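For this chain, numbers begin at 1 and follow the sequence in order. From a predicted model like this one, the values you see are computed outputs, not experimental measurements.
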Amino acid sequence: VTTLAELATPALVLERGKLEANGARMRARLEGSGVRLRQHVKTSKSIEVARLAADAAHAPITVSTLAEAEHFFAHGFDDVLYAVGLVPGKFARVLALARAGCRVQVLVDGPEMAAAFVAAARAASVRVPVVIEIDTDDHRAGLAPESKLLLGTAAVLAENGLLGGVLTHAGNSYTSRDAAELRAWSRRERAGVLRAAERLREAGHAVPLVSLGSTPTVLAGESLAGVSEVRVGVYVFFDLVMAGLGVCALEDVALSVLASVIGHQAEKGWLVTDAGWMALSRDRGTQGQALDHGYGRVCDLDGHALEDLVVFDANQEHGLVAARSGPRLDVRRYPVGTLLRILPNHACATAAQHAAYHVVRGGRTVEARWERLRGW
Ligand SMILES: Cc1ncc(COP(=O)(O)O)c(C=O)c1O
């Protein structure tokens with residue numbers, strides 16, 4: 001048995017109890033709504049985390065890479081939506097998954113890729129439903145709900161019996177400044193994807209899938225009527241950005257980075273730690289929020305927030321900790337060797353810096369080490 005104190009720092013720590021509670025909260029949110037939960041496993045990239053969050057051995061998942069699709073399928077997850085736009089160089093791996101029995105769906109945002117994929121699927125004699133990406137927040141990819149290209153793209157797919165449906169992700173919800181703004185993103189996300197589905201149905205198409213989601217829009221949204229599934233990822237861990245948006249409390253954040261104090265700048269009131277941006281990521285997601293946590297909020301070894309301490313700057317392997325406000329920190333309270341736990345701005349980004357989770361259940365005993373998938 002290992003304890004946190006025996007781990008080499010920096011190390012990624014996962015509170016199993018919080019993960020289970022976060023998973024249960026999302027399932028409760030959807031209970032009785034008839035809306036399916038399709039966890040986005042890009043956050044955890046871990047079979048164990050996905051199973052615990054879903055409270056099931058294999059539930060429908062969203063993936064952001066084909067490596068995730070292949071890894072999760074190999075572990076029994078056979079209902080997989082690959083929610084990043086395709087290129088022809090990836091067709092063969094998608095078709096191989098389908099041939100192996102995976103119910104895989106893919107995403108396009110225009111008629112050209114739709115036609116290219118349909119031709120490849122036909123040549124391979126496999127059936128892979130294709131979902132059309134809808135842009136509801138001017139954030140990145142997708143067709144506007146009123147786009148002229150929407151019907152043309154759908155026609156190419158429907159002709160071949162491969163029109164899977166429509167999907168949107170209002171990632172801009174992360175920039176909301178208050179609850180009203182977040183609700184507005186949520187309404188806009190749902191209205192946009194429903195409008196796209198309505199146009200397709202008016203044109204005579206069946207639209208089996210109407211998929212939306214990000215953690216904040218699903219948790220803050222009022223209605224999910226007309227939606228068939230939600231795709232949510234970061235809710236399994238939550239993070240400082242989600243706390244800043246008001247969709248979770250600081251105490252709900254299940255992930256932290258264990259770090260050692262390696263030195264002091266006593267006159268400046270700084271602690272130097274061994275968790276720099278390689279361990280925390282460079283994500284500064286709370287920068288635009290009311291409470292900026294720098295590169296992370298500092299907690300003690302048991303996960304309780306310490307004073308007003310944040311990682312205010314980070315080099316590759318050094319983190320600099322100081323009080324966010326108030327008097328200069330008396331560094332003698334944190335001698336060299338003190339272990340700290342740092343809550344991440346963006347759980348997906350911080351987890352991605354590590355090879356594995358060290359799992360604790362409230363205490364300091366590390367009861368498991370769960371590997372994370374890396375690469376594409
Ligand atoms: C296409 C897509 N769907 C769903 C999600 C899940 O969002 P969240 O992590 O906020 O739950 C993401 C996250 O980036 C995404 O890119």
Side-chain angles (χ1 to χ4, degrees), residues 38 40-43 45 60-75 77-145 147-169 171 192-193 196-197 199-200 203 205-213 229 231 233 348 352 373-376:
R38 186 181 285 283
H40 203 321
V41 298
K42 78 190 193 69
T43 303
K45 302 196 189 229
I61 55 169
T62 316
V63 299
S64 63
T65 65
L66 289 174
E68 289 164 34
E70 291 157 352
H71 180 67
F72 278 79
F73 177 59
H75 288 82
F77 291 80
D78 66 353
D79 182 351
V80 177
L81 172 57
Y82 175 39
V84 174
L86 270 183
V87 285
K90 294 177 180 167
F91 290 176
R93 285 169 76 189
V94 171
L95 297 172
L97 276 165
R99 219 177 282 117
C102 181
R103 288 175 290 151
V104 60
Q105 299 182 72
V106 295
L107 188 64
V108 300
D109 69 352
E112 285 166 19
M113 200 53 64
F117 183 75
V118 160
R122 208 171 36 210
S125 306
V126 294
R127 199 177 167 279
V128 176
V130 181
V131 179
I132 303 175
E133 183 166 15
I134 307 300
D135 179 13
T136 52
D137 65 347
D138 294 322
H139 173 53
R140 56 180 193 209
L143 296 174
S147 166
K148 288 203 183 82
L149 290 177
L150 180 62
L151 296 181
T153 306
V156 169
L157 299 172
E159 249 169 54
N160 293 275
L162 294 183
L163 176 56
V166 285
L167 168 159
T168 193
H169 165 65
V193 77
R199 288 185 64 213
L200 296 184
H205 299 301
V207 183
L209 181 72
V210 178
S211 176
L212 62 72
E229 69 175 30
R231 302 178 327 281
C348 310
L373 180 72
R374 306 183 98 168
W376 287 264

Is there a side-chain contact between [X] and [Y] (heavy atoms, below 4.5 Å)?
X      : Y      : value
Leu97  : Val128 : no
Phe117 : Leu95  : yes
Leu200 : Leu151 : yes
Glu68  : Lys45  : yes
Val104 : Phe73  : no

Tell me the closest heavy-atom pair linking [X] and [Y], and the distance in Å.
X      : Y      : result
Ala114 : Leu157 : CB-CD2, 3.7 Å
Ile61  : Val63  : CD1-CG1, 3.9 Å
Phe91  : Ala120 : CD1-CB, 3.6 Å
Val80  : Ala69  : CG1-CB, 3.9 Å
Leu81  : Glu229 : CD2-OE2, 3.7 Å
Val210 : Ala197 : CG2-CB, 4.0 Å

Polar side-chain atom of [X] near backbone of [Y] as donor-acceptor pair, under 3.5 Å:
X      : Y      : result
His40  : Lys42  : yes
Arg199 : Pro145 : yes
Arg103 : Pro60  : no

Pairing residues for Glu70 by the salt bridge (Lys or Arg N to Asp or Glu O under 4.0 Å) criterion, not counting sequence neighbours: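 Glu70: salt bridge (Lys or Arg N to Asp or Glu O under 4.0 Å) contacts with Arg93.
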
Run the salt bridge (Lys or Arg N to Asp or Glu O under 4.0 Å) test against Arg231 and tell me which residues pass, sequence neighbours left out.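 Here no residue qualifies.
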
Would you sort out whether Asn160 and Val130 count as a side-chain contact (heavy atoms from CB on, under 4.5 Å), showing the intermediate values? CA-CA 10 Å; Asn160 293 275; Val130 181; over 6 Å; no

Salt bridge (charged side-chain N to carboxylate O under 4.0 Å, His left out) pairs, two or more places apart, involving residues 131-145: Asp138-Arg188

Summary of salt bridge (charged side-chain N to carboxylate O under 4.0 Å, His left out) pairs that have at least one residue in residues 105-132, sequence neighbours excluded: none

What distance separates [X] [atom1] from [Y] [atom2], expressed to the nearest 0.5 Å?
X      : Y      : atom1 : atom2 : answer
Ile132 : Ser211 : CD1   : OG    : 13.0 Å
Thr136 : Leu167 : OG1   : CG    : 9.5 Å
Thr62  : Tyr82  : OG1   : OH    : 13.0 Å

What pairs with Ala115 under side-chain contact (heavy atoms from CB on, under 4.5 Å), at least two apart in sequence or on another chain?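 Here the qualifying residues are Val156.
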
Using the test side-chain contact (heavy atoms from CB on, under 4.5 Å), find all partners of Pro208 that sit at least two apart in sequence or belong to another chain.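 side-chain contact (heavy atoms from CB on, under 4.5 Å) list for Pro208, sorted by chain: empty.
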
Apply side-chain contact (heavy atoms from CB on, under 4.5 Å) to Val94 and Val126, showing your working. CA-CA 10 Å; Val94 171; Val126 294; over 6 Å; no

